[in-house]
Amino acid sequence: MSQLHVTTKINGDETEFLCEAEDTLLDVLRDRLGLTGTKEGCGTGDCGACSVAVDGRLVCSCLMLGAEAEGRDIATIEGMATGDQLHPLQQKFIEMAALQCGICTPGILVAAQSLLERNPDPSEEEVRYWLAGNLCRCTGYDKIIRAVMETAADMRRAS
Amino acid sequence: MALDDTKKTRDFKVVGTRPDRPDGIDKVTGRARFGADMVAPGMLTGRILRSPHAHARIVKIDASKAEALSGVKAVVTRADFGEVPEDVADVLDNCMAGDKALYDGHAVAAVAASSPAVARKALKLIEVEYEVLPHVTDVDAAIKPDAPVLHEGRQQETVPEGLSQNVIARSEFGHGDIEAGLKQADRVVERTYRTAATHQGYIEPHACLATMGADGRADLWVCTQGHYMVRNTCAAILGMEQGQLRVTASEIGGGFGGKTVVFLEPVALMLAKKAGRPVKMVMSRSEVLRATGPTSSTSIDVKIGMTKDGKITAGFAELRYQGGAYPGSPVDMGAMSGFAPYDLENVKTVGWDVVTNRPKAAAYRAPGAPMAAFAIESAIDEAAKAFGLDPLEVRLMNGADEGTKASYGPTYPAIGLKATLEAAKSHPHWSAPLGENQGRGVACGFWFNFGGDTCVSLNITPDGTVTVSEGNPDIGGSRASMTMMAAEELGIPYDQVRTIIADTGSLGQNEVTDGSRVTFAVGLATIEAARAAKREMCRRAAMIWGIDDEAVEWEDGAARPAGPNAGKFPPMTLKEIAAIASNTGGPIAGHHEVNAEGAGVSFATHMVDVELDRDTGSTKILRYTVFQDAGKAVHPSYVEGQFQGGAVQGIGWALNEEYIYGEDGILQNAGFLDYRIPVASDLPMIDTVILEIPNPGHPYGVRGVGETSIVPPLAAIANAVSEAAGVRMTQLPMSPPRVLAAVQAKAEG
Amino acid sequence: MVEVLLWGSLADQAEGARKVEVEAGTLRELLDGLGEKFPGLRPELERGVSVSIDGRVYNDSWFQPIAEDSEVVLLKRLKGG
Amino acid sequence: MRYEAPTRLEEAVSLLAGQDGAHVLAGGTDLLVKLRSEMIEPEMIVDIKRIEGMRDIAAEDGGWRIGAAVSGAEMGEHAGLVADWPGVVEAAGLIGSTQVQGRATLAGNLCNASPAADSVPAMVAAGATVRIAGPNGTRDMDVIDVPHGPGKTALERGEFIASVWLPARGARASDAYLRFIPRTEMDIAVVGCGISLSLDEGDRVTAARVSLGAVGPKVMLVEDAAQAIIGRVLDEAALSDLAAACSAAATPIDDKRGTIDFRKHVSGVLARRAAVIAAKRAKGETA
């Protein structure tokens, strides 16, 4: 088996890795690059725990090959905070208890960030549909939706 | 020294506030390490080969080709395990099949290999010869005398003759005279209800990393609700001493009861032992659904007698639960809890534990109770509505209170059922208008709540901060609660305390994180450990001041002289005492080990509005309110979270979730695509009302809150859908095809 | 003597009595006494039971005192999630 | 397994033609699921996203040509396409989650050849065609002719779909797609219905195409349903006839997602609702 050499950018850093052709981007992030913040809940694109942004577009990293990352710009949960400065969504999720077990949290934060980049003033329905691909079994979504809405309001006030 | 032990009137400083959880930053930044996030040097990948048959004799397993494959370091089958103690025999058989594969997905062999690709390839090279046997997956079919039999000789003495060997046990609870009670009724509602098996649906698949040395010492990293349980079970299965197996609990990505047993862990240890290398095993989602514990599917007959003014004269239920391939469905819990919210003169429940060719049922949040509540609360609702009575008033009229003899035997102390009903009645939700094709349902629910073995060790650091070590995996914010209770008791700020989950080598035995026990039992032990530390700090202060220990009391985070002869010394703060601990006898700690008894039962009332699309049978949840007694809400945000999460799991159970088996006994929907748990867009906000009726068995009045919230939703939603549809729904899930068929049948008369 | 309430089907194993009396001052004495007096109860006792004493549920605490007038109810062993 | 990401069409064709077990990767949302579950074990994956034009939406002959690697999310952000073919765009937008939308394509949805594919009934109703690249050059085909049954397509060895073409949208004409799923998102269609229609100034239907998904081995164009409304104003009687024609045309099976009775009934329900939406859009009303 000859491995593929891939050059990409992850959370702003030029990154090179070797992978098998069948490795998913999720496999690469978790097992080759040690970025285990991106989680695997299903491996079939049904739970959203592996959400990352590729060239600014939200995707399931389990549904993309590592090899496809060549030349792309990938953002994962590990790049969401700036130094010790949490992203407002991260801060709000803690404050509003928008997580219980926390396994879905990285994917939901990445997805919510992608929403707020496109739509700074989403309705509750828009938030709910945007996040419909991110399963959470603990919270019933209530506090998650509220946290996203409140973060959006805070960010609008701040800008 | 005098310790503040008041309950109802206590003025809390930390408890009842909403501080940030201590593991928050780790969890929002991706740093938190869950089951699959650990690595070890030289680690191998472990994988399991699973039965493609629902029921088959395993004639022969030939793994020679797999063993010969380059990169394969170990193959394990049942033959690798010796005789094991009886109490773990079924556990082992479920982890690795013996003579027979008992369900689709049952483990039959495992490999450890140098990469996932090699492991996958190796599994295909293992040749298993099966003799396929007839199977049965339906509970009512499994009871019949001619049903295919899973096990011979497992039937208990409680089962009358003439039933299939699949019927393992019968139990009966209650008091009074049902026939006499039914005679007093103006109306008797008699129906059969059915519920489908549902899965706990935690988002994190089971995962572990096992290491075992040639000296027999082993380490295990695992996502579990109870690493002490994992240690004890694995040690028994592998014939090890418990002290030689150290288990560390990872962060856990949901459990809801499903991670209270072992699946991969003994196999991973055996692979690690044979390979002499660390072995990591992670289940796929389909493995989780095929082979880990769903809850029972059930079939329940209910008979309710009611007078025209709403008095329940008799309540009877016969419950049949299939618990998968081994004895031990949660039918007893259902039979004991179903009528628990009511004060009844005549009540009787009969429970039947049945085995079928399905994965062994694991606990699922208030195991057994939601199905019983669905049946009984539906029948009560139907009887009340037949008389045109208000369903909340009927529940209030018949509701249990302090002094009521519970349907399962004991007499209740102070309980909160009526408080939840009164809160529901006065809530604006109850009086809000409903539109066309909309319905409102209410239902009550009960759960026992547990205590059990618990250890907490609380250490004072030299700089006067505090660490708490406890032995229960934090599944939904319990580290915050423990930190709060320690801070409360010590009279210091929340951020001066840090709580960690210790490994099995660091504390004594701890019961699993289950039965809504953690905030109650670990909280109790934390408070007692803090009190022990306070006593010691008071003693140190007394030494310094040269007065009697008894003349020192602890208040607001400091030792103070108390009483007429104590003298006038300025208070010594915790920090001051800690700084000179070495000079006064050495480090200061408090610890508490207890089998915590005295958990308080808890009750809830749920209220839900639905809208029905009469053309498609689709149900939309419009509004939902949970009213539940928490005893004392330590961190109200996480109490609300438990209420909301339980309600939404109940919504899934009521509307869409189900295990679907084909005629061939194979699970048809082993993925999140067709095992349909609720998504964000399915739901409204879930409103919560926390009632606080203190539990006399806990220093702060805490009751467990985690499980009760899943008990009422099935019935509440069924009552709402039935109202909207104009036809009584008796089978879950109330999926669109089922509701549409009922609506059409009703229309056709 | 302590009066113990058995659940319905357990009475079948105790000569049909829903309420039985045993000499016991602690939980352990209670469980031992029940097994001795009613051998039919032994399989269920061995499978494990919970005991409600004056409305509080106990699983294992052998030396939990029981008063003569305590309300004692045998329960199926409770299992949670 | 090899991974190739050619930049020229001809290169892709020759890779696909030259290797047994070669699979095309566009959005990958079906392919990777099959790969992982070992339903397929490809020798080669040919990623077509780096081929010129594959990610473009271009005006052509009054209609729109959509490259095979254009994702649903990109379609939803294209104002011209949304204005002309809102039904096709919303059908593509119903495939999976937001995350899946970032990758899933019309061409992939079509080549997966699932009878329940959301975008296919909408494309069939729209009268869409595909341009197929292959060893013998390119050829065009009606969308409805591409699937041959569950998992099977009309594509020959070495061929792949390079683009989808949606025809010119006339005046007072529009489309709509509705599906039924048990939840509000994330499910496979239990029934899907696409309708494209044109109205005259008197709101009479002058042309219509009605299609159904998930009620037969492949997506079907229901001529009887179109005939039931052509020449008529969409009043209650016309809509009832439309619904009846769709229910009658549906030949579903019982499975884990729905029953025969349910699917037949809901075929009619969705047709009626989709027709109302399409008509409103054709009249320039918001729907």
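Source: prediction; values computed, not measured.
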Point to revise | Proximity breakdown for B/Arg365 and chain C, heavy-atom pairs closer than 4.5 Å | key: backbone
Review point. Which of the residues B/Pro367, B/Gly704, B/Gly600, B/Pro413 is involved in the greatest number of heavy-atom pairs with chain C at under 4.5 angstrom?
Key: B/Pro367
Point to revise | Greatest number of heavy atom pairs closer than 4.5 Å to chain B - which of C/Leu78, C/Val57, C/Val73 | key: C/Leu78
Revision key, fill the gap. When the 4.5 angstrom heavy-atom criterion is applied to B/Glu707 and chain C, the contacting part is side chain
Check your understanding: For chain C, which of B/Gly515, B/Ala599, B/Pro410 has the most heavy-atom pairs under 4.5 Å?
Key -> B/Pro410
Check your understanding: Counting heavy atoms not belonging to C/Lys37, are there more than 12 under 6.0 Å from its NZ?
Key -> yes
Point to revise | Side chain / backbone / both / neither for B/Tyr408 at chain C, heavy atoms under 4.5 Å | key: both
Practice item. Kindly assign one of parallel, tilted or perpendicular to the pair B/Phe446 and B/Phe448, based on the angle between their ring planes and the thresholds 30° and 60°. Key: perpendicular
Exercise for review: Report the C-alpha distance between B/Arg703 and B/Thr708 in whole Å, list the side-chain angles of each, state the deciding distance to 0.1 Å, and finish with yes or no for side-chain hydrogen bond (donor to acceptor under 3.5 Å, both in side chains).
Suggested key: CA-CA 11 Å; B/Arg703 296 175 195 270; B/Thr708 309; over 6 Å; no
Check your understanding: Can you tell if the side chain of B/Asn449 reaches within under 4.5 Å of the side chain of B/Phe520, non-hydrogen atoms only?
Key -> no
Review point. Chain C heavy atoms under 4.5 Å from B/Gln225: which part of the residue, side chain, backbone, both or neither?
Key: side chain
Exercise for review: Check whether any side-chain heavy atom of B/Tyr202 lies under 4.5 Å from a side-chain heavy atom of B/Thr292, and answer yes or no.
Suggested key: yes
Check your understanding: If you tally heavy-atom pairs under 4.5 Å against chain B, which of C/Ser50, C/Ser52, C/Ser61, C/Gly40 wins?
Key -> C/Ser61
Point to revise | For chain B, the option from C/Asn59, C/Asp60, C/Asp54 that forms the most heavy-atom pairs under 4.5 Å | key: C/Asp60
Study note, to complete from the structure: Cut-off 4.5 Å, heavy atoms of chain B, and the answer for C/Leu5 is side chain
Check your understanding: Is any NZ, NE, NH1 or NH2 atom of the basic residue among C/Lys76 and C/Glu44 found under 4.0 Å from an Asp or Glu carboxylate oxygen of the other?
Key -> yes
Point to revise | Side-chain heavy-atom pair B/Val347, B/His175 within 4.5 angstrom cut-off | key: yes
Point to revise | Heavy-atom contact with chain B under 4.5 Å, split by part of C/Gln64 | key: neither
**Study point:** Part of C/Arg18 within contact of chain B (heavy atom distance under 4.5 Å)
**Key:** side chain
**Study point:** Main-chain N/O of B/Gly508 paired with B/Asn510 side-chain donor or acceptor, under 3.5 Å
**Key:** yes
**Study point:** Note, B/Lys348 side chain near B/Val350 side chain (heavy atom, < 4.5 Å)
**Key:** yes
Point to revise | Among the listed options C/Gln13, C/Arg56, C/Arg77, the residue most often paired with chain B at heavy-atom distances under 4.5 Å | key: C/Arg56
